[in-house]
Amino acid sequence: MKPVKLRRSFYNRPTLEVAPDLLGKVLVYHSDKGMLSARIVEVEAYIGQDDPACHAARGLTNRNKPMFGPPGFTYIYFVYGMYHCLNVVTESEGSPAAVLIRAAEPVDGLDVMLSNSFKKSNKNLLSGPGRLCRAFGLSREQNDLDLTRDAIYIENRNMKVTNIQRSARIGIKVGCELLWRFYDADSTEVSNSR
DNA sequence: TGAATGATGCGCT
DNA sequence: GCGCATCATTCAT
């Protein structure tokens, strides 16, 4: 079956529905070094002003602005002085929420990913949000792009996911009681928990 | 194989 | 200044 690019209506839904639905979908980025793609295997939901771990918890700022915008846009931010994290914005405009793409399995453009990451083996190439952005060459230049119009988007290639698990989100100190991390337990590329 | 730690820049208080 | 939706490296077991 032909790949189908996800439409805005896919993202314009409750984030806890969008997040698990993204597992098995394929992230595609037409970079200036070539086309890169990867099967998404781990995500986390960050939802609104009541989620203390969500960047939008303290209201609109210049950084978190994309989350407040319409669904189907990228939200890429810089963290820990050296890494970027890729999110896809969900829910309607004015309702700040997003899904963090934490890990994926390489599909197309493995050579470019390795080169971007300064790595020789594909071990842990995309297993973690910082690693994934590094391999894809994503930075704030790709922040707030339209996943329905720009060079980065997500496709449905009808890849099956048979073993979806959920857990607490990783790397946060608040909101740990919420089981808003979803992952494909059959994938070897899921990042290390705890 | 797991815990501790340093690297590193920027948004926000 | 502080803390961060991380990761590679180092050191201990």
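Lettering of chains follows the sequences in order, A, B, ..., and the numbering in each one begins at 1. These numbers come from the heavy atoms of this one structure, side chains and all, not from hydrogens, waters or symmetry mates.
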Student: Could you state the atom-to-atom distance from CE of A:M67 to C1' of C:dA5 in whole Å?
Tutor: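 Between C1' of C:dA5 and CE of A:M67: 10 Å.
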
Student: Just the rounded figure in Å: distance from C1' of B:dG11 to OH of A:Y83.
Tutor: 20 Å

Student: Over how many whole Å does the gap from A:Y77 atom OH to B:dG9 atom P extend?
Tutor: 18 Å

Student: Do the side-chain N or O atoms of A:T61 get closer than 4.0 angstrom to the phosphate oxygens (OP1, OP2) of B:dC12?
Tutor: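 Answer is yes, contact under 4.0 Å.
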
Student: Return the pairing partner of B:dT8 with a 3.5 Å limit on both distances, Watson-Crick or G-U wobble; otherwise return none.
Tutor: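 WC or wobble partner does not exist here.
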
Student: Using whole Å, report how far CE of A:M82 lies from C1' of C:dT9.
Tutor: 12 Å

Student: Could you check which nucleotide pairs with C:dT13 in any of the strands shown, counting Watson-Crick or G-U wobble with both distances under 3.5 Å?
Tutor: none

Student: So, using side chain to side chain donor-acceptor pair (under 3.5 Å) as the criterion, who are the partners of A:D184 when residues are at least two apart?
Tutor: A:R39

Student: A side-chain contact here means heavy atoms from C-beta on lying under 4.5 Å apart; do A:L147 and A:L6 qualify?
Tutor: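 Heavy-atom side-chain distance check fails, nothing below 4.5 Å.
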
Student: Under 4.0 Å, heavy atoms only, any strand: does A:N124 hit a base, just the sugar-phosphate, or nothing?
Tutor: nothing

Student: Within the pair A:R134 and C:dA8, is there a side-chain N or O less than 4.0 Å away from OP1 or OP2?
Tutor: yes

Student: Tell me whether the side-chain N/O atoms of A:K173 come closer than 4.0 Å to OP1 or OP2 in C:dG3.
Tutor: no

Student: Report the C-alpha separation of A:L86 and A:Y29 in whole Å, then their side-chain angles, then the decisive distance to 0.1 Å, and conclude whether the side-chain contact (heavy atoms from CB on, under 4.5 Å) test is met.
Tutor: CA-CA 12 Å; A:L86 167 67; A:Y29 175 44; over 6 Å; no

Student: For A:R63 and B:dT13, give me the distance from atom CZ to atom P, rounded to whole Å.
Tutor: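 From A:R63 CZ to B:dT13 P: 10 Å.
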
Student: Expressed as a whole number of angstroms, how long is the span from A:I76:CD1 to B:dG11:P?
Tutor: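 The answer, rounded to whole Å, is 15 Å.
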
Student: Touch check for A:G81, heavy atoms < 4.0 angstrom, all strands: base, sugar-phosphate only, or nothing?
Tutor: base

Student: If we call it a pair only when both distances are under 3.5 Å in a Watson-Crick or G-U wobble match, what pairs with C:dA5?
Tutor: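 By the stated definition (distances under 3.5 Å), nothing pairs with C:dA5.
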
Student: When the distance from NZ of A:K123 to P of C:dT9 is rounded to whole Å, what number comes out?
Tutor: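 Taking NZ of A:K123 and P of C:dT9, I get 11 Å after rounding.
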
Student: Is it the case that the base of C:dA5 and the side chain of A:Y80 share a donor-acceptor contact (distance under 3.5 Å, atom types as modelled)?
Tutor: no

Student: Provide, to the nearest angstrom, the distance between the CZ atom belonging to A:R102 and the C1' atom belonging to C:dT6.
Tutor: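 In whole Å, C:dT6 C1' and A:R102 CZ are 8 Å from each other.
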
Student: Is it the case that over 12 heavy atoms from other parts of the model lie below 6.0 angstrom from the CZ atom of A:R13?
Tutor: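 More than 12 within 6.0 Å, yes.
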
Student: Can you confirm if the aromatic rings of A:Y75 and A:Y77 lie within a centre distance of less than 6.0 Å?
Tutor: yes

Student: Which comes earlier along DNA chain C counting from the 5' end, the contact point of A:I172 or that of A:R131, where each point is its nearest nucleotide?
Tutor: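 The answer here is A:I172.
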
